[in-house]
Amino acid sequence: MDNQAMSTVSTSSYAKIQFLQRQAASLLLYQSVLKSEVGIAFLDLLQAIRYTDADGRGCLQAYGNYFHALAAINQNWEDYLITQILMAENPFTRLAQKEEFENIPLALVAAAQHDLQVLQSLYECSSASLSEWVQTVAHLPISPIVWYREQDKTEPETLLKSQVVNSLQHSDNWADTVEGLAAYYQQFGTGIFAQYHALRWQNGQFFGIQHPDPIKLSFLAGYETQRDSLLKNTEFLLSGEIALHVLLYGSRGSGKSSLVKALLNEYSHRNLRLVEVTKSQLQDLPKIVEQLRGVPQKFIIFVDDLSFEEDDDAFKALKVVLEGNLTARPQNVVVYATSNRRHLIREFYTDRPNPKDKEEIHVWDTMQEKLSFSDRFGLTLTFEGADQKTYLKIVQHLATQARINLSQEDLEYQALQWATRHNGRSGRTARQFVDFVKADLSVFGA
């Protein structure tokens, strides 16, 4: 810092800034904490305060970037740091997911303890302190506005998470919390699987889904037997037992996809994750499964609207996952697929063997392979088209939840008229009808 800048900042503050920068540079494992927009803005601000220009504009811009980054994620600096520690993915956190604490190499534990002490020193550098330093070096009459957000206590936290957060917030030495952190990683995992409940596989990597479909089981009606079977199988998965791969087959609009997506909103608090894989990405399925092996979460790989062409690479990849190979199947992963076709591979009349064909036995084998592919799912749930009684039951259920104040006679008459004029009787049609009636009553009244 030049002489003019040093004259505006006390020697102790200048030394403190230098110390924080050295601390940040010394991280061994948790570098990712400071590589996000907030972390980068924090480091840039320290640098701007230390080497401020004559009129302080650079420092003020750096403070604005820091304030904006915190406001964008709606977190305080302290909350941000703790959140990043809980989600960090590094050699220590990845091993802590799979091993008991006493089995983690001592050097790795020592490195984690070092980093936690470093991060504690950064945690103690509050936004208020930064604001005061900026006021001094930029010669402002008052300090810049400090970003602050009241803690939201409405978000449920697990007991273990609240204990870990509390220990970090009140510990005099964060290095002492390393064992508790390891227990947290072992139970809840790290990285993108800890951050997101719903994910998508695309171009060879996982992407988190910020706003998954909010559909809930309570919204669904009409296929209770199928729902209960799927719930039971999902409970097997969550309990660590061997769960079956499931094919949900049936008429379009019957709620197959909605039922699978509703599982996430029912069980995400029990470490369930939903990974969406499109048909075009199915050739990566064995790779996907291997990346999910051994982590604490339970995964449903969701494949919607499944069907194959002949000699499809996706068919071969899915077959490997369903049937297994020399590699043991991970017990924390199942495939739930929906389809409108009972036989998932398209078959043509020309595919059928001629009884007089000398190659008959091989042709029949090929045909049977196609027809029996759906049998490789351990559980097949059939969703038949909704008859009038089922359709009206779904309508009534949705209308009750939407608090639509119509007589049953009027509601049913309008619902049947809607089905006739639109897409026929189905759960999807019922949802569209109820959404329309609710909006109509809201805008135009009874």
> Is R431 positioned over the aromatic face of F219, cation under 6.0 angstrom from the ring centre and no more than 45 degrees off axis?
Replying inline: yes
> Are K287 and E290 ion-paired here, with the side-chain N under 4.0 Å from a carboxylate O?
Replying inline: no
> In Å, rounded to the nearest 0.5 Å, how long is the span from CD of Q401 to NZ of K438?
Replying inline: 10.0 Å
>> Under a 3.5 Å threshold, yes or no: a donor from one side chain and an acceptor from the other, between Q281 and Q202?
In response: no
>> Students often mix this up, so state it plainly: with edges at 30° and 60°, are the rings of F206 and W201 parallel, tilted or perpendicular?
In response: perpendicular
> To the nearest 0.5 Å, what is the distance between CD (Q396) and CD1 (I404)?
Replying inline: 9.5 Å
> Which one of D213, I209, L274 satisfies the side-chain contact (heavy atoms from CB on, under 4.5 Å) criterion with L264?
Replying inline: L274
> Is the count of non-hydrogen atoms from other residues, nucleotides or ligands lying under 6.0 Å from R270 atom CZ greater than 12?
Replying inline: yes
> How about Y336 and N233: does a side-chain donor come under 3.5 Å of a side-chain acceptor?
Replying inline: yes
> Taking it one step at a time, do Y391 and V395 satisfy side-chain contact (heavy atoms from CB on, under 4.5 Å)?
Replying inline: CA-CA 6 Å; Y391 170 69; V395 168; 3.9 Å; yes
>> Set out, in order, the CA-CA distance, both residues' side-chain angles and the distance that settles side-chain contact (heavy atoms from CB on, under 4.5 Å) for L231 and L263, then state yes or no.
In response: CA-CA 8 Å; L231 287 176; L263 294 173; 3.6 Å; yes
> Without hydrogens or angle criteria, can the side chains of T93 and Y30 be said to hold a donor-acceptor pair below 3.5 Å?
Replying inline: no
> Looking at V118 and A24, what are the two nearest heavy atoms and their distance?
Replying inline: CG1-N, 4.2 Å
> Do you know which two heavy atoms are closest between H397 and S218, and how far apart they sit?
Replying inline: NE2-O, 2.6 Å
> When you check the gap from the basic side-chain N to the acidic O, do E276 and K261 get nearer than 4.0 Å?
Replying inline: no
>> Using every non-hydrogen atom in the two residues, find where P141 and Q135 come nearest and quote the distance to one decimal.
In response: O-NE2, 3.3 Å
>> Treating S239 as the side-chain partner and E241 as the backbone partner, does any N or O pair qualify as donor plus acceptor under 3.5 Å?
In response: no
>> If you compare all heavy atoms of L237 against all heavy atoms of Q331, which two are closest, and at what distance to 0.1 Å?
In response: CD1-O, 3.6 Å
>> Under a 3.5 Å cutoff, is there a donor and acceptor pairing between the side chains of Q297 and N332?
In response: no
> Under 4.5 Å between any side-chain heavy atoms of L244 and V334, yes or no?
Replying inline: no
> Under the 3.5 angstrom rule, does the side chain of W174 hit a backbone N or O of L168 as a donor-acceptor pair?
Replying inline: yes
> So, does R273 use its side chain to make a donor-acceptor pair with the main chain of Y196 at under 3.5 Å?
Replying inline: yes
>> As an exercise, state the distance from CD1 of I288 to CG of L282, rounded to the nearest 0.5 Å.
In response: 7.5 Å
>> Between T338 and V303, is there a side-chain heavy-atom distance shorter than 4.5 Å?
In response: no
> Shortest non-hydrogen contact from A221 to I394?
Replying inline: O-CG1, 3.2 Å
>> Within the 4.5 Å heavy-atom criterion, are I300 and L272 side-chain neighbours or not?
In response: yes
> To the nearest 0.5 Å, how far apart are CG in L116 and CG in L181?
Replying inline: 6.0 Å
> Below 6.0 angstrom between ring centroids: does that apply to F193 and F299?
Replying inline: yes
>> Could you tell me if N74 and R149 have a donor-acceptor pair between their side chains, going purely by distance under 3.5 Å?
In response: yes
> Any donor and acceptor pair, going by atom type alone, linking the side chain of D44 with main-chain N or O of A62 inside 3.5 Å?
Replying inline: no
>> Distance check, rounded to the nearest 0.5 Å: N271 atom CG versus F188 atom CZ?
In response: 6.0 Å
>> Would you say that V246 contacts V335 through its side chain, given a criterion of any heavy-atom pair below 4.5 Å between the two side chains?
In response: no
> Would you call E224-K393 a salt bridge at under 4.0 Å N-O?
Replying inline: yes
> Do I82 and L119 come within less than 4.5 Å of each other through their side chains, counting heavy atoms only?
Replying inline: no
>> Any non-hydrogen side-chain atom of Q97 less than 4.5 Å from a side-chain atom of T190?
In response: yes
>> side-chain contact (heavy atoms from CB on, under 4.5 Å) for S32 and Q84? Distances and angles first, verdict last.
In response: CA-CA 8 Å; S32 63; Q84 292 300 307; 5.7 Å; no
> Under 3.5 Å, is there a donor-acceptor pair between the S127 and Y66 side chains?
Replying inline: yes
> Looking only at atom types and distance, does a side-chain atom of E132 sit under 3.5 Å from a main-chain N or O of S143, one as donor and one as acceptor?
Replying inline: no
> Just by modelled atom types, is the A41 backbone N or O under 3.5 Å from a matching donor or acceptor in the N65 side chain?
Replying inline: no
> Which heavy-atom pair separates Q31 from L28 by the least distance, and what is that distance?
Replying inline: NE2-O, 3.2 Å
> Counting only N and O atoms by type, is there a donor-acceptor contact under 3.5 Å from the side chain of T177 to the main-chain atoms of G180?
Replying inline: no
> Atom CD1 of I49 and atom CH2 of W133: how far apart are they, to the nearest 0.5 Å?
Replying inline: 6.5 Å
> Going by heavy atoms in the side chains, are K161 and L86 under 4.5 Å from each other?
Replying inline: yes
> So which of E235, H197, K298 actually passes side-chain hydrogen bond (donor to acceptor under 3.5 Å, both in side chains) with Y267?
Replying inline: E235
> Which one of H170, Q169, Q163 satisfies the side-chain hydrogen bond (donor to acceptor under 3.5 Å, both in side chains) criterion with N166?
Replying inline: H170
> Just wondering, are more than 12 heavy atoms of other shown residues or ligands nearer than 6.0 Å to CD in E179?
Replying inline: no
>> Counting only heavy atoms from other residues, nucleotides and ligands, does the tally under 6.0 Å from CD of E384 exceed 12?
In response: no
> Passes side-chain contact (heavy atoms from CB on, under 4.5 Å), L381 versus Y223? Steps please.
Replying inline: CA-CA 10 Å; L381 302 177; Y223 296 92; over 6 Å; no
>> Testing F42, F67, W77 one by one against L130 for a side-chain contact (heavy atoms from CB on, under 4.5 Å), which residue passes?
In response: F42
>> Is it the case that the side chain of D55 and the backbone of R57 share a donor-acceptor pair, with hydrogens and angles ignored and the cut-off at 3.5 Å?
In response: yes
> Is the shortest heavy-atom distance from the side chain of L81 to the side chain of L122 under 4.5 Å?
Replying inline: yes
> Distance-only, no hydrogens or angles: does the S129 side chain make a donor-acceptor pair with backbone N or O of C125 under 3.5 Å?
Replying inline: no
>> Check whether S167 reaches the backbone of V164 with its side chain - one donor and one acceptor, N or O, closer than 3.5 Å.
In response: yes
